[in-house]
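Step one of this worksheet: look at the structure below.
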Amino acid sequence: MRQLTSSERQNAAVIAIAVAIVGLAMAAVGRTDVLGVHGVMVMLFAGAVLFYVLSGLYQPEPTEDREASYYDDPIKVGIVLSMAWAVFGMFMGVWVAAQLAWPNLAFDAGWSSFGRLRPTHTTGVIFGFGGNALIATSFHVVQRTSRARLAGQLSPWFVLLGYNLFCLLAVSGYLIGVTQSKEYAEAEWYADIWLVIVWVTYFILYLRTIARRKEPHIYVANWYFMAFILVVAILHIVNNLALPISWGHAKSYTVWPGVQDAMVQWWYGHNAVAFFLTAGFLGMLYYYLPVRAQRPIFSYRLSILSFWGITFFYMWAGSHHLHYTALPHWVQTLGMTFSVMLLVPSWASAGNALLTLNGAWHRVRDDATLRFMMAAAVFYGISTFEGSFLAIRPVNSLSHYTDWTVGHVHAGALGWVALITFGSLYTLVPSLWKRERMYSAALVEVHFWLAIAGTLIYVFAMWNSGIIQGLMWRTYTEEGALAYSFVDSLVAMYPYYIARAFGGLLFLIGAVVGCYNIWMTVRSAPLAAPLNADVPIAPAVAGE
């Protein structure tokens, strides 16, 4: 609150009151429906924000040189929220993985069944952990590469808190039993509308900050972040076009019929991977890897080539999820073709990252934080090759609907997304809180090896189980009957499901270690004489 003027605090209170009124309206029209429950949650959330704002309403005004420093408070909160969601989402992932081996862990309850817990895992990890990390790092990167403060005082907080309100509505809805049944888009219509408002604010804030930059060049990381923000907005709006059964009910039905719904869903689903889980995190890679390695990016031109290749090719690849379905054959072929072509821009970024480390491999050996980023680049290269391979129709006939796909997804989610995020946060946290280094380099090392071991155990278990599944499902007797029943394939999967849960548990323990290390770093005493170079360029200086 110390960064806000009295008028800005008043505006924050007005926004909180407006959100609370919307929550009251939802509770009134929804009554006993899930919509009413979520209305109460919105009121409580807005009430907590309002209480905090009013408690600091009469604090001293910020100093006149506020614009002479970067706006890092929202970034700090975003990091904390990201790590909190990481522990929650990964815990849910371990729980649902364990349920596959030991079904009694559902405790014979509706809310704890696999079907309800699984989307809490995907939403908690992808949107809670990954989304908050992207918001926080994008706020940091755009300020440092533009040498300008964020173009707003309230809007960063609106984006961050509003986004987490969406995540809370989504996760709580799944536990209650409300879902659109769309992969990575399970939240219902009112939560989707709220996310559009938050996301448009995010995009405008980012563009305004770029527009007020003091550097003539827009660094490539910002290209990736802007593509992530813009395309995710388009994908979200188109895929979630739906009509509620009434204004007083949470349930809605999509406007897209039949096979068109499947096509739109996987156009969204695969591009959510492309622009949420790839483009945004490449923005992290292209900024924090050179910073940590103390080396310039190997090839700036290669990074631009990768950007335009990913932006164009990825948009057409989603139909490879629908091989051997009612989707027109030519559309399936189009998706397969562009998926194979994607290997070029994807490996361009992976290779660019690894070549940047030339002359800095001694740092990789000694610095676990940099090793997180190096391993992430390797997993990015592996998972993108595997994705192109699995999109080929004859290969897909073996892999589709099996655990091989699950292993592929987690090679990207754990090996690429989570590792680059942890590496970026370990680079960012000491700088942001003016510390010389992380609290414990040994704990970073422990986290790294837990994450690597967990990822490899998980992925190899799923690769093995998936291939075995696919082979068992397509094995026939001499009489032309299936040689194995579906139950036979489940029995064969049992040891792999135990290994899968164990690998996920190791990764979760690593995240808990990371939370402790970050917390202790924040609690450490700041540097006696913090560097003053990390500040925006003043307008007077820029004009000289």
Output yes when a side-chain donor or acceptor of [X] lies under 3.5 Å from a complementary backbone atom of [Y], and no otherwise.
X	Y	value
Ser82	Gly78	no
Gln143	Leu150	yes
Thr254	Ala242	no
Ser303	Tyr300	yes
Gln180	Asn240	no
Ser388	Thr384	yes
Asn352	Ser299	yes
Ser319	Val331	yes

Name the residue from Phe225, Phe281, Phe228, Phe129 that meets the ring-ring contact (aromatic ring centres under 6.0 Å, His included) definition with Phe276.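 Looking at Phe225, Phe281, Phe228, Phe129, the match for Phe276 under the ring-ring contact (aromatic ring centres under 6.0 Å, His included) is Phe228.
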
Using the ring-ring contact (aromatic ring centres under 6.0 Å, His included) rule, pick out the option among Tyr202, Trp194, Trp199 that qualifies with Phe158.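 Answer to the ring-ring contact (aromatic ring centres under 6.0 Å, His included) test with Phe158 among Tyr202, Trp194, Trp199: Trp194.
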
To check you understand the geometry: which heavy-atom pair defines the closest contact between [X] and [Y], and what is its length?
X	Y	value
His270	Tyr314	NE2-CE2, 3.4 Å
Leu506	Ala453	CD1-CB, 4.1 Å
Pro536	Ala148	CB-CA, 4.1 Å
Pro290	Leu285	CD-O, 3.4 Å
Leu419	Ala375	CD1-CB, 3.9 Å
Met373	Leu289	SD-CA, 3.5 Å

Contacts of Phe448 that satisfy ring-ring contact (aromatic ring centres under 6.0 Å, His included) - sequence neighbours left out: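 Checked Phe448 against ring-ring contact (aromatic ring centres under 6.0 Å, His included); matches are Phe372.
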
Heavy-atom distance under 4.5 Å between the side chains of [X] and [Y], does that happen here?
X	Y	answer
Ile310	Leu282	yes
Leu81	Tyr163	no
Ile79	Leu425	yes
Thr137	Tyr288	yes
Trp223	Ile304	yes
Met83	Asn132	no
Met438	Val429	yes
His410	Phe507	no

Hey, do the aromatic rings of [X] and [Y] have their centres closer than 6.0 Å?
X	Y	value
Trp267	Phe275	no
Tyr184	Tyr268	no
His447	Phe422	yes
Phe389	His408	no

Just how far is it from atom [atom1] of [X] to atom [atom2] of [Y], taken to the nearest 0.5 Å?
X	Y	atom1	atom2	result
Lys214	Arg212	NZ	CZ	5.5 Å
Gln294	Arg292	CD	CZ	8.5 Å
Leu322	Met263	CG	CE	6.5 Å
Thr120	Tyr174	OG1	OH	9.0 Å
Arg144	Ser431	CZ	OG	6.0 Å
Thr209	Ile204	OG1	CD1	11.5 Å

[X] vs [Y] aromatic rings, parallel, tilted or perpendicular, using cut-offs 30° and 60°?
X	Y	value
Tyr224	Phe307	perpendicular
His323	His320	tilted
Trp95	Phe91	tilted
Phe166	His236	perpendicular

Heavy-atom count around [X] [atom1] within 6.0 Å, excluding the residue itself: above 12?
X	atom1	answer
Trp256	CH2	no
Tyr253	OH	no
Phe502	CZ	no
Trp361	CH2	yes

Checking Ser424 against Leu428 for the side chain to side chain contact (heavy atoms under 4.5 Å, CB included) test, could you report, in this order, the C-alpha distance in whole Å, the side-chain angles of both residues, the deciding distance, and whether it holds? CA-CA 6 Å; Ser424 299; Leu428 175 56; 6.0 Å; no

Show the numbers, then the answer: is there a side chain to side chain contact (heavy atoms under 4.5 Å, CB included) between Tyr426 and Ile518? CA-CA 8 Å; Tyr426 282 144; Ile518 290 173; 4.2 Å; yes

Any chance you could lay out the side chain to side chain contact (heavy atoms under 4.5 Å, CB included) test for Thr123 and Phe88, step after step, and finish with the verdict? CA-CA 10 Å; Thr123 297; Phe88 169 81; over 6 Å; no

Answer yes or no: is there an ion pair linking Glu183 with Arg118, defined by an N-O contact shorter than 4.0 Å?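 Counted as a salt bridge, because a side-chain N and a carboxylate O are separated by less than 4.0 Å.
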
Checking side-chain polar atoms at under 3.5 Å, does [X] have a donor or acceptor matched by the opposite partner on [Y]?
X	Y	answer
Ser349	Tyr380	no
Tyr458	Arg500	yes
Thr145	Arg213	no

How far apart are the C-alpha atoms of Ser489 and Gln469, what are their side-chain angles, what is the distance that settles it, and do they pass the side-chain hydrogen bond (donor to acceptor under 3.5 Å, both in side chains) test? CA-CA 6 Å; Ser489 69; Gln469 275 179 325; 5.4 Å; no

For the pair Asn396 and Tyr324, evaluate side-chain hydrogen bond (donor to acceptor under 3.5 Å, both in side chains) and give the outcome as yes or no after the intermediate values. CA-CA 9 Å; Asn396 195 264; Tyr324 304 103; over 6 Å; no

One pair to check against side chain to side chain contact (heavy atoms under 4.5 Å, CB included): Leu117 and Gln99. What are the steps and the verdict? CA-CA 10 Å; Leu117 293 187; Gln99 282 187 6; 3.5 Å; yes

So which of Tyr206, Tyr287, Tyr286 actually passes side chain to side chain contact (heavy atoms under 4.5 Å, CB included) with Asn222?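 Exactly one option meets the side chain to side chain contact (heavy atoms under 4.5 Å, CB included) with Asn222, and it is Tyr206.
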
